[in-house]
Amino acid sequence: MTARQKTPPVREIADTLRKRISSRMLEPGAKLPSTRLLAKEFGVSEQVIYRVVVSLKESGHVIAHQGMGVFVRIYDPLEWNPGEFERHDRHDDPSTNTDEWKAQVRAQGRRPEQDAPIVRREPATEDVARWLKINPRDIVVARRRLRWVDGEPSQIADSYFPEWAAEGTPLLEERDVTMPGGILAATGNPQRFFRDELTIRMPTPEEEQRMDLPPGTPVCQHVRIGLLADRTPVRAMVTICPGDRHIIVYEMEV
C-alpha cells in the first residue's frame, strides 16, 4: 500500500452501523443487509464489509446464523435479584414446583424452565475447596443444572456441598426438589450468613457450548457461599450469567 492509498474504512463503517443499531434504525432481530448491498452503499469492496461484520460480531452487536445471515442482536435482559433467594418469605411452593428463581422469572412475564440436576460425588477443585474451606480433592456433592428463560439458555447453576451436608437428604436425588425455605434449612442445616463473589470474565469453551453464547459475550460468575451459625461453609452456589441476558440487582436496607 502506497502513502497515497487510503486504509479501508472498516472502523468508520462499523461505527455507522453501530449507530443505526443503537438508534433502532436497525431493529433488534433485524437481518443485516447483504454484503453486496452494504458494499454498494459505502462504496467499498465486499472484503471490507466482511471485516466490518467481523468487527460487529466481536463487539456483540450482531449474531450470524449459518445459512440464514447476520442479525442484530436482541437484548432483552432478565432482572435477577440474588438477595431474594435467601429471604424468609421466599416463594417456594412444592405443590407447583416453584422456587424463588422461577417466581422471579414469572413475575417479569417470562417463562422459566430448569433441567433436572446432574448429581455427582467428586473431588473438590481448588476453587470449591477454597469456598467450602476444605482440602482440594476432598469429596463434595455437586448438583449441576441449566436454567432456561423463554426457551433460551439463561444460567448455569451449579452447587457444591460437603458430603456431610448432603448425606441422607434430597440433595443426592437427580430431580427438581422444592422445599419451603430451601433444602438446607428443611434438612437441618440452615444458612445464617452469606458471602457473595462476583467476577466478570469471558466464558470457558464449555460454558459457551452449554449456553450457546455468541462470540464476544462476557459472563458474570456469581458465587454465593452459605455459612452456618458457626461460620462453617455448607454450600457454594456458582451461577454463570451471560452479560447480555441479565441485569443483576441488589436491594439493601439502610
Side-chain angles (χ1 to χ4, degrees), residues 80 82 84-86 90-105 111-149 151-197 199 203-213 219-228 232-242:
W80 183 51
E84 295 294 316
F85 278 42
E86 317 301 345
R90 288 166 48 129
H91 297 88
D92 299 312
D93 185 351
S95 65
T96 59
N97 196 25
T98 297
D99 59 14
E100 182 60 41
W101 178 77
K102 289 180 181 177
Q104 285 192 25
V105 175
R111 176 169 54 89
E113 298 174 79
Q114 293 188 129
D115 290 349
I118 298 172
V119 181
R120 296 287 185 271
R121 297 177 192 261
E122 60 187 45
T125 64
E126 293 282 346
D127 282 338
V128 171
R130 175 174 61 84
W131 295 325
L132 294 179
K133 294 186 179 179
I134 59 177
N135 296 317
R137 313 231 20 110
D138 281 358
I139 299 300
V140 296
V141 171
R143 288 174 63 88
R144 294 189 173 87
R145 73 186 341 159
L146 185 63
R147 292 170 170 163
W148 303 71
V149 174
E152 180 180 43
S154 177
Q155 295 180 352
I156 292 173
D158 298 342
S159 294
Y160 303 89
F161 306 86
E163 269 195 303
W164 57 263
E167 203 64 55
T169 76
L171 290 170
L172 294 174
E173 301 174 14
E174 290 192 328
R175 64 184 180 92
D176 203 0
V177 181
T178 302
M179 303 178 75
I183 298 176
L184 286 169
T187 55
N189 289 304
Q191 301 165 96
R192 298 302 186 197
F193 304 97
F194 300 96
R195 171 184 168 84
D196 282 6
E197 296 181 4
T199 305
T204 66
E206 179 188 5
E207 291 164 351
E208 281 189 345
Q209 184 177 26
R210 286 180 72 182
M211 292 189 287
D212 192 24
L213 297 180
V219 297
C220 174
Q221 175 180 285
H222 176 278
V223 181
R224 170 157 293 170
I225 303 154
L227 310 168
L228 300 178
T232 299
V234 69
R235 179 193 66 174
M237 182 172 66
V238 184
T239 306
I240 308 300
C241 307

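Starting from 1, each residue takes its place in the sequence as its number.
A distance-only check finds no donor-acceptor pair linking the side chain of Gln104 to the backbone of Trp101 [under 3.5 Å]. For the pair Arg143 (side chain) and Leu171 (backbone), a donor-acceptor distance under 3.5 Å is present. A donor-acceptor pair under 3.5 Å is formed between the side chain of Arg224 and the backbone N or O of Pro82. Under the 3.5 Å distance criterion, the side-chain polar atoms of Thr232 are left unmatched by any main-chain donor or acceptor of Leu228.
Between Val234 and Ala165 the shortest heavy-atom distance is CG2-CB, 3.7 Å. Shortest non-hydrogen contact noted between Ser154 and Pro242 is O-CD, 3.0 Å. In this structure, Leu132 and Ala236 approach most closely via the heavy-atom pair CD2-N, 3.8 Å.
Applying the salt bridge (charged side-chain N to carboxylate O under 4.0 Å, His left out) test to Arg121 and every residue at least two apart in sequence or in another chain returns Glu163, Glu167.
Here CG of Asp115 is found 8.5 Å from CZ of Arg210. Values are rounded to the nearest 0.5 Å. Within the model, atoms CD of Glu174 and CZ of Arg145 stand 11.0 Å from one another, a figure rounded to the nearest 0.5 Å.
Ile156 places none of its side-chain heavy atoms less than 4.5 Å from the side chain of Thr239. Considering only heavy atoms from C-beta on, Ile240 comes within 4.5 Å of Met211 through its side chain. Side-chain contact check for Met237 versus Ile225: every heavy-atom pair is 4.5 Å or farther apart. Taking the side chain as every heavy atom from C-beta outward, Pro170 and Thr187 approach each other to under 4.5 Å. Looking at Pro233 and Trp131, their side chains never come closer than 4.5 Å, going by heavy atoms from C-beta outward. Put simply, the side chain of Asp196 does not reach to within 4.5 Å of the side chain of Val223, judged on heavy atoms. Between Tyr160 and Val238, the closest side-chain pair of non-hydrogen atoms falls below 4.5 Å.
Heavy atoms from other residues, nucleotides or ligands lying under 6.0 Å from CZ of Arg195 number 12 at most. The local environment of CG in Leu172 is crowded, with over 12 non-hydrogen atoms from other residues, nucleotides or ligands closer than 6.0 Å.
Between Trp148 and Gln155, the side chains place no donor N or O within less than 3.5 Å of an acceptor N or O (distance only, hydrogens not considered). Side-chain contact of Trp164 with Asn189: a donor-acceptor pair under 3.5 Å is absent, judged by distance alone.
Geometrically, Arg235 does not engage Phe161 in a cation-pi contact defined by less than 6.0 Å to the ring centre and at most 45° from the axis.
In summary, Asp176 and Lys102 engage in a salt bridge, as defined by a charged side-chain N under 4.0 Å from a carboxylate O. The pair Arg144-Glu122 meets the salt-bridge criterion, since a charged nitrogen lies less than 4.0 angstrom from a carboxylate oxygen.
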